There are 2 protein chains.
Amino acid sequence: MPDQHAHRFGASSDAVAEVRQRGLSDALGKQIVTGALAPGSVLTLESLQERFGVSRTVARDGVKVLESLGLLYSKRRVGLVVTEPRAWNVYAPLVIRWRLDSADARATYIELTQLRIAVEPEAAELAAQRRSGAEADELRRLAARMRTLGEAGELEQFMVVDVAFHCLILEASGNTMFAALGDVVGEALHGRTTHGLMPATPMPEALDAHDAVAHAIAHQYPDAARKQMQFLVDEVRAALEHDAVGDAHLRAPVIPTDERALR
Amino acid sequence: MPDQHAHRFGASSDAVAEVRQRGLSDALGKQIVTGALAPGSVLTLESLQERFGVSRTVARDGVKVLESLGLLYSKRRVGLVVTEPRAWNVYAPLVIRWRLDSADARATYIELTQLRIAVEPEAAELAAQRRSGAEADELRRLAARMRTLGEAGELEQFMVVDVAFHCLILEASGNTMFAALGDVVGEALHGRTTHGLMPATPMPEALDAHDAVAHAIAHQYPDAARKQMQFLVDEVRAALEHDAVGDAHLRAPVIPTDERALR
DNA sequence: TTGGGTGAAACGTATGATCTTTTGAGAGGA
DNA sequence: TCCTCTCAAAAGATCATACGTTTCACCCAA
């Protein structure tokens, strides 16, 4: 199993990017988002060639990826400058993955969850207005399956269906920016069980709420859909606040690296 | 004025990317998001070299950018395959800009606004919990300035301050994913005046609500902050529904292009 | 009809050379 | 002493070319 996360966040350049270039952008990207390479740090193409044992072509390709993710920019006569976090594309699948793989995974998980809490009620309301017939059917089917699995205590499979349920609503909203958050919801739900925030068996109210959401969307009751979804995410919010140890602001202080200073 | 939108969405590779490569990724990217190049279309590096009069290096660099934005992927022996919209990084500044520059700018604007509506109340609540003293002061200052400009009917400047106000709240939320939506809010507000959805002079209730939000955040009343912000975005929502002509789903049907079929 | 082998297409990688921008240091003058 | 202006070096940007690698499509044989 070469990549634990390959099942999610696909499409971008997972199976495609060749291994040398990917290794470089992966390693560098991770270093940047973890803060090991502080904003303002300066690298050079040549140093990357040497460090990763690759040609200039590969080094440039890897850098190009990081550049388009906003993690660094290249400046003539200077080199490759690591960007400050506010410029990062934190919605890019690669960046999300790197952040989740790094030390402050918890803070990232909290941020993803907060985003999910904000978006899902709105998405449910929209979905109730624009869902197709097929989507309505599928939604009810998924809700029923969640009940079965939940009452049986099959947490793993339950989560899979749960993710599918929420993703479908995001898609049915008709807003591509909401739909694009399917991965975010997936990671948030995944993190919830990973962090041990899930009861051994899902609460009956949660199962009822899922049913209610599916019902409201199927019957095109936007207000009810929003309200029921709000109920669902409010529970998540409560769990989050009870659990809120990590602060998204926290980050180890690091001083910028300037390779030229080492010469 | 070579780029109308250069004032926003900066940082990524605006002033940095050299002109040849940028021209290529810009032109191609725009073609893809507008649908002029349908998903499944196949290009080759060689055709791009010829079409844009650039070397292989530049063509590859441009493609690399589009690839990391999820707009296409390259496949050996096949070429460059345009990806289906669901895989696009619709949160990437470049993609947002291209979508706004294209024909279905209206649909994009609606999506951005819906996202804003979803996120801002949550951000306001968080901001009320975690804002710094400086942020609280600045927020009240901005609200006051909005009142002055609003009552004077200075719509242009009003909008600038309005954007700053909302961006500051997103930042103060402490959630980097919320903070990253500053550009989205900026474009949404910009589009609101562009689409003529703004009254000649902002409604007094809106000015009051901005004051109330600033006050609630400054005094650390999360519930009030959320409620007041909800009031603000509910007005936006109302304007949006009243105006809802465009459907985000709509897109001109196009058949995939395969360059090889033309030979 | 089916199965496998084979060649070419197109991307991936490597390398060397040249162009362009930037900047820092040094020369020269006030 | 300090400021300005010039200039050369540094480092990325671009180009051209060559070779490696994978994948697909086609053909031939069973």
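Quantities reported herein were computed from a predicted structural model and do not represent experimental measurements. When reading the values below, keep in mind they use all heavy atoms of this one structure, side chains included, and skip hydrogens, waters and symmetry mates. Residue numbers begin at 1 in each chain, while the letters A, B, ... track the order of the sequences.
Protein atom CG of B:L43 is 14 Å distant from nucleotide atom C1' of C:dC11, rounded to whole Å. Between the P atom of D:dA11 and the CG atom of A:L48 lies a distance of 13 Å, rounded to the nearest Å. The nearest whole Å value for the distance from the CD atom in B:E46 to the P atom in C:dG12 is 14 Å. For B:R77 and C:dA9, the CZ to C1' distance is 4 Å, given to the nearest whole Å. Atom OH of A:Y73 and atom P of D:dA11 are 16 Å apart (whole Å). In this structure, the CG atom of B:L45 is 15 Å from the C1' atom of D:dT17, given to the nearest Å. Here the P atom of nucleotide C:dA10 and the CG atom of B:L80 are 11 Å apart, to the nearest Å.
Taking only side-chain nitrogens and oxygens, A:K75 comes nearer than 4.0 Å to OP1 or OP2 of C:dT23.
Under the 4.5 Å side-chain criterion, counting only non-hydrogen atoms from C-beta, B:F158 is not in contact with B:R145.
Ion pair A:E171/B:R86 flagged as a salt bridge, since at least one NZ, NE, NH1 or NH2 atom sits closer than 4.0 Å to an Asp/Glu carboxylate oxygen. Checked for salt-bridge contact, B:D104 and B:R99 miss the test: no charged N lies under 4.0 Å from a carboxylate O.
For A:E120, the salt bridge (charged side-chain N to carboxylate O under 4.0 Å, His left out) test picks out A:R116, with sequence neighbours left out.
Annotation: salt bridge (charged side-chain N to carboxylate O under 4.0 Å, His left out) contacts involving residues 47-57 of chain B, sequence neighbours excluded, are absent.
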One character per nucleotide, please: for nucleotides 13-20 of chain C, 5' to 3', B when the base has a protein heavy atom closer than 4.0 Å, S when only the sugar-phosphate does, - otherwise.
BBBBB--B

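Once rounded to the nearest 0.5 Å, the distance linking CG of B:L94 with OG of B:S25 reads 7.0 Å.
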